[in-house]
Amino acid sequence: MNRRSLSVFAPWLGMVVFLGIWELTVRLGDLKPFQLRAPSVVIRRLSEEPGFWWRNSVVTGREAMIGFALAFLSALVIGAPLAASRFAERATQPILVLIQVTPFVAYAPSVVIWFGFGWRPIIFLTALACFPLFAFAVIGGIRSTDPAALELFRSVDASPAETWRRLRLPSALPSLFPAARASIGLALIVAFLAEQFALTPDGLGVIGKKGAAFNDGDLVWGTVFCMAILGTVALASVGLAERWVLRWHASQRGVVGYRPRS
Amino acid sequence: MSKVFGSLPVLEPTTLAVHQGEVLTLLGPSGCGKTTLLRMVAGLEAPSAGTVLVGGRSPAEARSAKEIGFVPQAPGLLPWRDVEANARLLTELNRGRGRRAARDVVELLRSVGLGDFLAAYPHELSGGMQQRVALVRAFALGAPLLLMDEPFAALDEMTRADMRHLLATLCEETGAAVLFVTHSLAEAVFLSDRVAVMSPRPGTVTGVVEIDLPRPRDPELEDDPAFFTLERALRHQLHGPGARR
């Protein structure tokens, strides 16, 4: 096996070793079921009721995705004028920072009162938590537009809409993806916890809370596994999207140097 | 026209005309206001006093009629567009007002030696190749006025020589008026029909030198004694008593 295929193999090896040590710790360490479940036990529980876990994972995943998408879109709409005006940006900065640093669990009960029980407060809280990261990224990204390209657009009297669509927005994309990578995990965490305030019937957050309340280690660790898989899939999706959207960007350069097709 | 930034006069009253089919070079030390002058012609900056006319119209009107082909100092290529799409950019913007006489982009790219690189992205190109795309982008517009702001300033000496030879050919093929800004004597002599020499800040044109070398310009011209004579004339005009007022 050469070095390249070894390095492809490495992450899987790491996971197997990690799960193996975990399994051995539980078996040899005589731990109580609620303290820690062996991975083999958790996987068996998951495979016994796949429909149940799938349904709840979809609920939480969907909430996180909708909140994430709303945050992204509203940051684009609100970030554009903020990028155009230093004053507006400075005026809104403290608000964005406050949203970012205040733990949403503190005001989540009030949000549930505003929106009522159900999915609405969950989506709102998820979007709100992801919003500042995206807003900062949009502002920074738009500001990073190449001044030479901007002058070029002016030299043929391009309309503001043209400049926005063909220059500013694509210029902002490279800084949006790091924000997306950070936000996707955040969105899942917020959706998971917000479910516990919003008293929805389904979702991994609800299952996890139930498991904790009834000291049911199977439920708790099943939830942990499902959240981990959700997060991995979501993060990988962002990564794939980035590779495709930014295939022209420096960060995605695979091979340096262009070889003309003959 | 003249230009004042705050209380700093950058450009003393200056009068200059560029004729159709002519290459006029603004030559001067850095900070003499030659770029400012170019930007005022492009309508990217307003003169503090006086007027700029482009084909009898204001620069703003010329800009919206897409009659100005601009080549900035940095190539300003869009990294998400390949070479061909970058070269097409200016023709695609402000389409409603576009000129019909736009030139064939692919043919132009071939003529500057980028025929094999139509689908390459800017990061895959050398600095000289990037600047060639920027030239084609301006020429593709088919504009009657081309404005070039030290387009080769960031390139190494050997590439600069190639680029000025290439640009001379491109200029000779179009009937456009070209206003070229540089601080390179060789570029000024090789490319121009006339060179307007500027004094240090606050700048003004201290003299206009006619370059009566034959066209088409041949790279071997640079070994010609006449070439050196003209370079010396420009150098004297730059540093001579005329520059100190």
Side-chain angles (χ1 to χ4, degrees), chain A residues 76 83-84 137-138 140-180 239-262, chain B residues 38-39 41-45 59-83 85-86 89-99 114-126 129-130 134 137-138 141 143 145-147 149 151:
Chain A
L76 277 185
V138 168
I142 288 176
R143 291 253 169 88
S144 71
T145 307
D146 180 2
L150 270 175
E151 296 230 302
L152 204 67
F153 274 61
R154 282 183 66 201
S155 78
V156 287
D157 210 27
S159 69
E162 271 180 321
T163 311
W164 170 247
R165 190 168 64 82
R166 289 180 185 251
L167 182 59
R168 292 191 184 276
L169 189 60
S171 298
L173 282 176
S175 56
L176 285 178
F177 276 100
L240 282 177
E242 180 174 14
R243 276 202 7 214
W244 187 76
V245 174
L246 297 186
R247 56 196 180 283
W248 47 270
H249 190 253
S251 64
Q252 310 298 318
R253 277 176 215 174
V255 191
V256 176
Y258 176 74
R259 278 156 301 180
R261 266 150 255 166
S262 48
Chain B
L38 188 89
R39 292 170 54 82
V41 178
L44 297 172
E45 235 155 286
E61 286 170 323
R63 241 175 350 128
S64 67
K66 296 176 76 173
E67 292 190 335
I68 296 175
F70 190 67
V71 183
Q73 223 170 83
L77 301 181
L78 306 186
W80 54 89
R81 284 181 167 235
D82 63 20
V83 164
N86 260 297
L89 177 72
L90 294 183
T91 64
E92 285 174 2
L93 297 172
N94 191 7
R95 239 180 215 285
R97 308 293 300 279
R99 294 174 56 81
L114 289 173
D116 288 336
F117 294 88
L118 297 181
Y121 283 89
H123 69 78
E124 297 166 320
L125 304 178
S126 68
M129 289 161 108
Q130 292 188 14
R137 185 179 57 196
L141 208 51
L145 176 64
L146 290 164
L147 300 175
D149 183 12

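We name chains A, B, ... by the order of the sequence lines, and we start the count at 1 in each one.
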| note | residues 168-180 of chain A vs chain B, non-hydrogen distance cutoff under 4.5 Å, contacting residues -> A/P170, A/S171
| said: Between A/L167 and chain B, with a heavy-atom cut-off of 4.5 Å, which part of the residue counts as in contact: side chain, backbone, both or neither? | reply: both
| task | Considering only NZ, NE, NH1 and NH2 on the basic side and carboxylate oxygens on the acidic side, decide whether A/E151 and B/R39 come within less than 4.0 Å. | result | yes
| task | Grab the two heavy atoms, one from A/L152 and one from B/G76, that are nearest each other, plus how far apart they are. | result | CD2-O, 4.2 Å
| said: Do B/R81 and A/R166 make a side-chain contact, defined as non-hydrogen atoms from C-beta onward lying under 4.5 Å apart? | reply: yes
| said: Within the structure provided, determine whether A/V245 and B/W80 are in side-chain contact (heavy-atom separation under 4.5 Å). | reply: no
| Say you draw a straight line from CZ of A/R154 to CZ of B/F70; how long is it, rounded to the nearest 0.5 Å? | 9.5 Å
| request: Check whether B/A42 gets within reach of chain A through its side chain, its backbone, both or neither, counting any heavy atom under 4.5 Å. | output: neither
| message | Using every non-hydrogen atom in the two residues, find where A/S155 and B/L44 come nearest and quote the distance to one decimal. | response | N-CD2, 4.5 Å
| Measuring heavy-atom distances to chain A, does B/L89 have an atom under 4.5 Å in its side chain, in its backbone, in both, or in neither? | side chain
| note | Closest non-hydrogen contact found for B/N94 with A/V156 is ND2-O, 2.8 Å
| said: If I measure from the heavy atoms of chain A, does B/E92 come under 4.5 Å with its side chain, its backbone, both, or neither? | reply: both
